[in-house]
Amino acid sequence: MAVINNIKAVTEALDVAMDRDKNVIVFGEDVGLEGGVFRATQGLQQKYGIERSFNAPISEAMFAGVGLGMAMNGMKPVVELQFQGLGLPALQNVIANISRMRNRSRGKWTAPMVIRMPMGGGIRALEHHSEALEAIFAHIPGIKTVMPSTPYDTKGLLLAAIESPDPVIVLEPTKLYRAFKQEVPDGYYTVAIGEGYKIQEGNDLTIVTYGAQTVDCMKAVEMIKSTHPTASIELIDLRSIQPWDKKMVIESVKKTGRLLVVSEAVRSFGVPAEIIATVNENCFDSLKAPLARCTGYDVVIPYDRGEGFHQVNPQKVVEAIKKVLDYKF
Amino acid sequence: MKYIGKFDPQKDEVVRVMDKDGKIINPKLAPSISDEELIKAYSIMNLSRRQDDYQNKMQRQGRLLSFLSSTGQEACEVAYTMVIDPKNDFFVSGYRNNAAWLTMGQTVRNIMLYWAGNEAGAKAPEGVNSLPPNIIIGSQYSQATGIAFAEKYQGKKGVAVTTTGDGGMSEGETYEAMNFAKLHELPVVFVCENNKWAISTPTVQQTKSLNIAVKAIATGMPSIKVDGNDFLASYAVAKEAVEFARSGNGPVLIEFDTYRLGAHSSSDAPDVYRPKGEFEDRVPYEPLIRLKAYMIEKGIWSEEKQTALNEEQDKHIAAEFAWVEQNKNYPIEDIFNYQYAELTEDLKNQLTEAKEFFAKYPETKDGGHH
Ligand SMILES: Cc1ncc(C[n+]2csc(CCOP(=O)(O)OP(=O)(O)O)c2C)c(N)n1
């Protein structure tokens, strides 16, 4: 077991996967020698050679399309986009081709590839570096989308993504890359795609979140004790956005009767809306308060000076928790 | 035509007027430019360089965001923006264009405000058609093409100039835009500032093309390679290209052969990837040294003038930064107000919600990092 941060967990997962299977290769902008802007692939070129870990020209549409071709022909490409917001040229291929290959070739060709990308705010970055666009990916049938929040999950989910027979989008919250460390098993293990993780059990309120907001929510759950000392909160880290752990969430809300979904993405038409709709369909009889969400606002992610207004923070979560807990019919 | 069509990119021919010491080696290729214009160009180059240095210091102190410096690339940036009219032409920039922005009439204050994280800095002053920094590489090429289309369609006389790096030339969109621009014979000048690096990826890992200029050949448009650290050559070719495009001859691609003397951004360490000695080899060719030597030789510049200019510019830069530090923050309304022509009902409600929250918990806005 090693104690590592999220970035190191990415490197380890890739290292393990490349060691096991020579068809696993990684490429993207600056991925080779330097190891990418966040150094996620650092050392892989030295270890596995320039053919398996290399710099690609700046052309994300090509990365995605070339990755698809490789995947259709027996390889396991792990494509790195430098940032989610800068990978938008790749979206055309993700939506129009990668997600559909299995379906439209009636299963003859498939796209078992991985596209990794840093995402999310809170790192004082420039325009297009702080978006949270998971809802866009989750909306597309045919791809799977995961967003780990801990080193253990980062390594396990990335390995599961590489093992997956379907294309997987791995969203990595930049804010958490070096935020904390955790003990992570050496060697190979996977975290199943589609399984949530219960950070803590509770009976009065279910909070569902993912990515960097797991940290905000953990803080909020501590903070709320000062005003609501007896409140018992169940906190779920979704880990996988699509497919997501409906079973875990539904069971939880049936028990608690209350739900708050927390995500930094803009509010409308997002992942929280989907979770709320599903819970509404399945748990209506158990509900004790309106289903709630705590999110960013429906504006372009502000540049650094205004980003703090937009970001979810623990206090915002606390206010949302209070509203749900104190609700009276 | 003195340059376009006379220098063959397929033979890797390069327009050069002065050598590294500022000596004119090709008098026939020298542009006609007044002493005042030369001094003005040099002053902007000097200002941009000093602003870069200052911003680097401020960034290291955590007082500015990561930013991208034009250090080493000032000659071509000033050249290609000096030859257009800020009011009637357009500059569609990338993110590494400090010297070009200044030449267009963007202020030191605004540029710093932008790098301090306030979008207000991206708004160019009245009468300055300089678009906000374009972070999505390649997209500026199509935007410039569209602007040029509208100029032509509406019978206006403006030209659009746009720029990207050698790395940016790998984005399909740059080719797609050039192809469209040539099909419609649009008044757009495509610039590539080939500074040899795209973050840690060298040009040789970006393309096997002989040079960047040849990338235009497939579209049918003329292209030309220029010593981008030679202000006189850069100015001469840029001026001809803009006139060429303005006169209805369609687009041109100019590759400026230059070198990124700084880091990619203020948060990157080039020593990790740059071969030993490369930077040192390039320093003697940098544009300020060359133009300054030429101007001193010509008798229009001196060390005394240089010292005075440095002092004046440093004072200005520091004063503008002081203003920025005082004024960098903005009220919550600003994140909502520019979303639509009019706030939707939904956004009005979200704004009310946000205002109530931040009135109660103002300290949470900063997340501890401002
Ligand atoms: C579409 C897109 N992909 C990736 C990036 C991330 N990125 C920022 S700068 C850069 C390198 C650009 O190199 P080059 O075009 O040579 O310009 P330079 O920075 O050297 O001026 C990259 C890949 C981006 N901004 N936009």
Side-chain angles (χ1 to χ4, degrees), chain A residues 28-37 39 42 50 54-62 65 82-83 85-89 92 121-129 175 216 266-268 295-316 318-320, chain B residues 65-68 95 113-122 132-133 135-139 165 167-173 198-202 205-207 265 267-268 272-273 328-330 332 334-336 338-339 344 346-347 350-351 353-354 357-358 360-361 363-367 369-370:
Chain A
E29 286 139 16
D30 301 294
V31 158
L33 176 69
E34 226 201 354
V37 285
R39 311 290 178 261
Q42 202 168 43
I50 198 157
F54 54 87
N55 294 341
I58 306 173
S59 35
E60 298 80 4
M62 176 277 289
Q82 217 156 57
F83 277 90
L86 305 179
L88 297 181
Q92 189 261 123
I123 55 158
R124 309 199 67 191
L126 306 179
E127 192 181 4
H128 302 295
H129 290 66
K175 200 176 164 180
D216 293 326
V266 300
R267 184 165 304 167
S268 298
T295 67
Y297 310 110
D298 288 324
V299 298
V300 170
I301 307 302
Y303 213 33
D304 182 60
R305 286 295 137 197
E307 194 190 10
F309 287 134
H310 188 268
Q311 283 264 294
V312 165
N313 63 48
Q315 190 67 51
K316 280 187 183 172
V318 165
E319 297 306 293
Chain B
L65 295 184
S66 185
F67 81 102
L68 302 107
Y95 47 73
L113 196 59
Y114 179 82
W115 297 129
N118 185 329
E119 290 89 339
I135 309 270
I136 301 288
I137 292 171
S139 279
M169 291 304 285
S170 299
E171 286 288 3
E173 195 171 352
I199 313 187
S200 72
T201 305
Q205 286 176 29
Q206 210 63 244
T207 179
S265 81
S267 21
D268 141 287
V272 179
Y273 52 81
K328 63 194 173 193
N329 290 316
Y330 55 74
I332 197 161
D334 267 30
I335 77 166
F336 288 87
Y338 300 96
Q339 213 50 54
T344 60
D346 226 15
L347 278 180
Q350 291 185 23
L351 173 57
E353 170 197 323
F357 177 83
F358 285 105
K360 216 162 150 192
Y361 303 104
E363 73 289 351
T364 67
K365 184 242 162 180
D366 289 344
H369 67 225
H370 290 252

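Per chain, numbering begins at 1; letters A, B, ... match sequence-line order.
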Sequence neighbours excluded, which residues qualify as salt bridge (charged side-chain N to carboxylate O under 4.0 Å, His left out) partners of Glu34(A)?
Arg39(A)

Does a side-chain N-to-carboxylate-O contact under 4.0 Å join Arg267(A) and Asp298(A)?
no

Using a 3.5 Å distance criterion without hydrogens, assess whether the side chain of His129(A) forms a donor-acceptor pair with backbone atoms of Gly85(A).
no

Quick one: what part of Tyr114(B) sits under 4.5 Å from any heavy atom of chain A, side chain, backbone, both or neither?
both

When the 4.5 angstrom heavy-atom criterion is applied to Pro133(B) and chain A, the contacting part is backbone

Go through the atoms of Tyr273(B) and report whether side chain, backbone, both or neither lie under 4.5 Å from a heavy atom of chain A.
both

Atom pair CD/CD1 of Gln311(A) and Ile301(A) - distance to nearest 0.5 Å
8.0 Å

Where on Leu347(B) is there a heavy atom nearer than 4.5 Å to chain A: the side chain, the backbone, both, or neither?
side chain

Under 4.5 Å from any heavy atom of chain A, what part of Gln350(B) do you find: side chain, backbone, both or neither?
both

Atom group of Tyr330(B) that falls short of 4.5 Å from chain A, counting heavy atoms:
both

Can you tell me which portion of Asp334(B) sits under 4.5 Å from chain A's heavy atoms? Options are side chain, backbone, both or neither.
neither

With a 4.5 angstrom heavy-atom cut-off, could you sort out which part of Phe336(B) is near chain A: side chain, backbone, both or neither?
both

Under 4.5 Å from a heavy atom of chain A, the part of Ile335(B) involved:
both

Max heavy-atom pairs within cutoff under 4.5 Å with chain B, candidates Gln315(A), Glu319(A), Glu29(A), goes to Gln315(A)

Region of Val37(A) in contact with chain B, defined by heavy-atom distances below 4.5 Å:
side chain

Non-neighbouring partners of His128(A) that pass ring pair (Phe, Tyr, Trp, His ring centres under 6.0 Å), sequence neighbours left out
none

Is any side-chain heavy atom of His310(A) closer than 4.5 Å to a side-chain heavy atom of Lys365(B)?
no

Part of Leu113(B) within contact of chain A (heavy atom distance under 4.5 Å):
neither

